[in-house]
Amino acid sequence: MSIDRKWTSKKKRALEVLLRLKRLYPNATCSLDYTTPVQLLVATILSAQCTDERVNKVTPALFAKFPDARSMAYADILELEELVRSTGFYHNKAKNIQGACRKIVEEFDGEVPQLMEQLLTLPGVARKTANVVSAHAFGNIQGVTVDTHVKRLTNLLGLTSHQDPIKIEQDLMKLIPKVDWENFSIMTIFHGRAICNARKPNCPECELAELCPSANRVVK
DNA sequence: CTCCCGATAT
DNA sequence: ATATCAGGAG
């Protein structure tokens, strides 16, 4: 048999995954360094296809030079590009950071808007970034943040069969209690980095293996 | 769908 | 050499 009968229901399996993640990562939090909502927004834009560790190496110098939306909005774009260069996609990222900050200054009085609908109008901000900012800067959990780790692990765990992040998020919102939505993402990302990474998933050391249809474990 | 893109692990 | 990293826009 592939999976213990106790967890044949996808819902029960999801809740057991959640329980175990909480036990494994009781102190999991956002691993991006920031002090203001604008800084979190910028750090999250920079985190596209880049490790948080790398983002945290560039943001100290970036925020020392340009601490708020107003300073980034009218900064020399070449200087901005140079400061974020090592995170990759630096041309687009610098342009989006400046574009988002200009809009924040000109249309939102210098403050990051709190409504999802408004967040999503900022250049470089789509569902994933908006979820992160809404949850961590404003404590307003609107959905499940689906990044590359959440996408990979939830597919491996059989909690969704979709590849589209929006559809994955909709599946997860049905399986996970709302209060745990953001925490589930954070913990899944931690587990993705520590155990179930894309290059070499460590199934023998994985506490979720007996729940996971994809784990290469010995079948009884 | 393609493009953006440097740093790092394998 | 190649795959992957808290994605988003055209």
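When reading the values below, keep in mind they use all heavy atoms of this one structure, side chains included, and skip hydrogens, waters and symmetry mates. Lettering follows sequence order; numbering is per chain, from 1.
- Taking atom C1' on both C:dT4 and B:dC5, the two are 13 Å apart, rounded to the nearest angstrom.
- A straight line from CD of A:Gln49 to P of C:dA6 spans 9 Å, rounded to a whole angstrom.
- Across B:dC4 and C:dC5, the matching C1' atoms stand 14 Å from one another, rounded to whole Å.
- Both A:Asn96 and A:Thr44 lie near DNA chain C, and the one whose nearest nucleotide falls closer to the 5' end is A:Thr44.
- Comparing C:dG8, C:dA6, B:dC5 against the side chain of A:His91 picks out B:dC5 as the nearest.
- Candidate nucleotides B:dT8, C:dG8, C:dA6 were compared by shortest atom distance to the side chain of A:Lys57, and B:dT8 ranks first.
- Here C:dC5 presents its P atom at 11 Å from CZ of A:Arg193, a figure rounded to the nearest Å.
- The side chain of A:Ser86 has B:dA7 as its nearest neighbour among C:dA6, B:dA7, C:dG7.
- Contact between A:Asp109 and A:Arg70 at its shortest, heavy atoms only, is O-NH2, 4.1 Å.
- Looking at A:Leu41 and A:Ile104, their side chains come closer than 4.5 Å, going by heavy atoms from C-beta outward.
- Contact annotation for A:Ile186: base contact, defined as any heavy-atom pair under 4.0 Å involving a base atom.
- Here the OG1-CG distance, from A:Thr35 to A:Leu40, works out to 10.0 Å after rounding to the nearest 0.5 Å.
- Test A:Leu172, A:Ile166, A:Asp171, A:Asp164 against A:Ile168 for side chain to side chain contact (heavy atoms under 4.5 Å, CB included) and you get one pass: A:Leu172.
- Taking atom NZ of A:Lys93 as the reference point, atom P of B:dG6 lies 11 Å away to the nearest angstrom.
- You'll find that the side chain of A:Asn92 is closest to B:dC4, out of B:dC4, C:dC5, C:dA6.
- In terms of position along DNA chain C, the nucleotide closest to A:Leu32 lies nearer the 5' end than the nucleotide closest to the other residue of the pair A:Leu120 and A:Leu32.
- If you measure from atom CG of A:Leu83 to atom P of B:dC5, you get 16 Å, rounded to the nearest angstrom.
- For A:Lys95 and B:dC3, the NZ to P distance is 16 Å, given to the nearest whole Å.
- Here A:Thr87 lies out of heavy-atom contact (under 4.0 Å) with every strand.
- When heavy atoms are screened at a 4.0 angstrom cut-off, A:Tyr90 is found touching the sugar-phosphate backbone but no base atom.
- Contact annotation: A:Thr129 side-chain N/O to C:dG8 OP1/OP2 distance is under 4.0 Å.
- A:His149 has its NE2 atom 3 Å from the P atom of C:dA6, to the nearest Å.
- Going from the P atom of C:dG8 to that of B:dA7 covers 22 Å, rounded to whole Å.
- C:dG7 atom C1' lies 18 Å from atom CZ of A:Arg54, rounded to whole Å.
- Considering A:Arg127, A:His136, A:Glu182, A:Lys128 in turn, A:Glu182 is the only one that fulfils the side-chain hydrogen bond (donor to acceptor under 3.5 Å, both in side chains) rule with A:Thr145.
- If you check distances only, the side chain of A:Arg199 never reaches the base of B:dT10 with a donor-acceptor pair under 3.5 Å.
- Note on A:Val125: only backbone sugar-phosphate atoms sit closer than 4.0 angstrom, heavy atoms only; bases stay farther off.
- At whole-Å resolution of the value, CG in A:Asp52 and P in B:dT8 are 15 Å apart.
- Taking 4.0 Å as the cut-off between side-chain N and carboxylate O, A:Arg20 and A:Glu210 count as a salt-bridged pair.
- Aromatic stacking is marked for A:Phe89 over B:dC4, as both cut-offs hold: 5.5 Å for the centres and 30° for the planes.
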